[in-house]
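All residue numbers in this chain count up from 1 along the given sequence. FYI, side chains are in, hydrogens and waters are out, and symmetry mates aren't considered; it's all heavy atoms of this structure.
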Amino acid sequence: MRAQFVLSETWIGLRRNLTMTVAVITTVAISLALFGGGLLINQQVTEMRRYWDERISLTIYMCTDTSLSPTCEESGAATDEERTEIQDDLEGMPQVANVEYVTASEAWQDFQERFSNHDALVEAAQEGDIPDNFRVQLQDPTQYQEVQDAVQGRPGVDSISDDQQVLEQFFSLLDGLKWAALVVSFIQLAAAALLIGNTIRLSAYSRRRETGIMRLVGASNFYIQLPFLLEAAVAGLIGGIFASGFIVATRFFLLDRIQDWFQFDITLGIGAVMYVIGVSLILGILLCTVAAFLTLRRYLRV
């Protein structure tokens with residue numbers, strides 16, 4: 001009987017303040033959607049960093065007869081002796097995990113395979129445009145500068161390409177997107193807490209007669225507050241459910257699209273998405289319940 005009464009009072013409160021309830025649900029849904037999206041992007045960035053840290057390399061391009069760099073114009077095309085000397089020095093460095101020499105024909109074939117879906121780019125290039133090179137795998141990607149300094153400017157070396165510099169720009173973009181979503185979500189969460197507090201205060205005021213009667217018959221403080229707490233929790237739960245749809249959409253329409261653009265074979269599993277959804281739902285319920293509890297302590301004198 002008591003449970004039925006509490007549930008009926010909760011339903012009455014939600015229905016009586018329908019406009020405010022809808023506003024709370026909308027605000028909670030938006031804030032949790034942004035918060036969950038930020039968490040999802042953070043997990044994607046973490047997985048991508050782990051994936052690329054194992055694959056980041058330095059590419060040392062050797063001089064050819066058509067190279068335009070000052071070093072190549074001065075020393076001419078790289079000789080076999082210079083290649084052997086550079087390879088021996090690289091293999092002797094403790095920062096280097098592996099050194100692979102790639103001939104010009106192998107580099108051209110690799111270029112065609114990597115960009116096989118970009119016909120215009122492949123047609124614009126021709127064999128010989130990509131010089132022979134050394135691909136250097138590092139023990140620690142942060143030590144690329146030491147390896148670069150060891151070979152930069154040496155006879156036979158045209159230029160050095162560092163994968164990390166390119167990837168850091170991309171990761172910085174994703175980090176900015178993540179923090180922007182999280183900052184806006186925290187602002188929205190604060191607004192949701194204020195809104196739920198105001199909604200519960202109005203609900204308590206409109207039912208002051210009922211709560212007064214309950215107090216006179218000896219009802220406990222918790223029993224009087226319970227319908228209001230459930231009202232806030234239901235609003236937070238519904239908002240979290242709507243936010244879950246946005247989180248799933250972020251996973252399949254934003255992160256998958258990014259992977260297609262950059263040909264990343266790094267897909268967040270369903271477990272990661274469910275984890276973010278679970279955290280968002282719990283946060284929404286706790287936020288609304290705690291805001292309601294603090295409001296009731298101040299405005300509902302029992």
Side-chain angles (χ1 to χ4, degrees), residues 42-116 118 121-122 124-176 178 258-259 261-266:
N42 181 60
Q43 289 198 11
Q44 181 71 63
V45 171
T46 301
E47 290 297 322
M48 291 168 61
R49 283 186 182 276
R50 185 181 298 113
Y51 175 85
W52 283 109
D53 279 348
E54 299 174 355
R55 293 164 174 81
I56 285 179
S57 63
L58 286 176
T59 303
I60 303 173
Y61 293 102
M62 307 304 293
C63 292
T64 64
D65 294 331
T66 58
S67 299
L68 300 178
S69 67
T71 302
C72 294
E73 290 182 348
E74 180 180 347
S75 60
T79 63
D80 292 337
E81 291 77 9
E82 291 171 342
R83 294 188 184 92
T84 302
E85 182 180 352
I86 291 174
Q87 184 169 0
D88 291 341
D89 290 346
L90 289 172
E91 291 176 345
M93 298 184 68
Q95 299 90 347
V96 175
N98 182 54
V99 179
E100 178 186 4
Y101 175 69
V102 181
T103 65
S105 60
E106 292 173 340
W108 168 247
Q109 183 178 357
D110 181 62
F111 171 80
Q112 289 180 310
E113 292 175 355
R114 287 192 179 189
F115 298 95
S116 58
H118 303 274
L121 184 61
V122 174
Q126 58 183 354
E127 187 171 0
D129 289 344
I130 304 176
D132 60 316
N133 56 82
F134 289 101
R135 293 179 183 175
V136 183
Q137 196 76 30
L138 304 177
Q139 297 280 6
D140 182 355
T142 61
Q143 297 178 334
Y144 71 92
Q145 192 63 50
E146 300 175 24
V147 179
Q148 180 173 326
D149 292 342
V151 296
Q152 184 73 59
R154 291 180 58 167
V157 175
D158 182 5
S159 62
I160 301 175
S161 173
D162 176 25
D163 294 343
Q164 190 171 24
Q165 294 178 354
V166 178
L167 291 173
E168 280 302 323
Q169 296 178 0
F170 174 67
F171 286 138
S172 297
L173 176 63
L174 289 183
D175 285 337
K178 173 192 70 177
I258 291 176
Q259 293 174 32
W261 285 343
F262 294 93
Q263 300 180 350
F264 291 156
D265 189 19
I266 314 166

Would you give the length of the straight line joining atom [atom1] of [X] to atom [atom2] of [Y], rounded to the nearest 0.5 angstrom?
{"X": "Arg83", "Y": "Tyr101", "atom1": "CZ", "atom2": "OH", "result": "4.0 Å"}
{"X": "Arg135", "Y": "Leu58", "atom1": "CZ", "atom2": "CG", "result": "12.5 Å"}
{"X": "Glu100", "Y": "Glu106", "atom1": "CD", "atom2": "CD", "result": "7.5 Å"}
{"X": "Asp80", "Y": "Gln87", "atom1": "CG", "atom2": "CD", "result": "11.5 Å"}
{"X": "Gln145", "Y": "Gln95", "atom1": "CD", "atom2": "CD", "result": "11.5 Å"}
{"X": "Glu73", "Y": "Asp158", "atom1": "CD", "atom2": "CG", "result": "10.0 Å"}

Over all atoms of both residues, closest heavy-atom pair of [X] and [Y]:
{"X": "Leu138", "Y": "Val147", "answer": "CD2-CG2, 3.8 Å"}
{"X": "Gly156", "Y": "Glu82", "answer": "CA-OE1, 3.5 Å"}
{"X": "Gly76", "Y": "Cys63", "answer": "O-CB, 3.5 Å"}
{"X": "Ala107", "Y": "Ile130", "answer": "CB-CG2, 3.6 Å"}

For residues Ile160 and Val151, determine if any side-chain heavy atom of one lies less than 4.5 Å from a side-chain heavy atom of the other.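 Sidechains of Val151 and Ile160: in contact.
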
Evaluate the side-chain proximity of Val136 to Ile60: yes if any heavy-atom separation is below 4.5 Å, no if none is. yes

Is a side-chain donor-acceptor pair under 3.5 Å present for Thr64 with Thr66? yes

Exercise: do Thr103 and Ser105 side chains pair donor with acceptor under 3.5 Å: yes

If you count the non-hydrogen atoms of other residues, nucleotides and ligands that lie under 6.0 Å from CG in Asp65, is the total more than 12?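 Result for CG/Asp65: open.
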
Tell me whether Glu91 at atom CD has more than 12 heavy atoms from other residues, nucleotides or ligands lying less than 6.0 Å away.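 More than 12 within 6.0 Å, yes.
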
Non-neighbouring partners of Glu85 that pass salt bridge (charged side-chain N to carboxylate O under 4.0 Å, His left out), sequence neighbours left out: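 Testing Glu85 for salt bridge (charged side-chain N to carboxylate O under 4.0 Å, His left out), a comparison that skips the adjacent residues, returns Arg154.
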
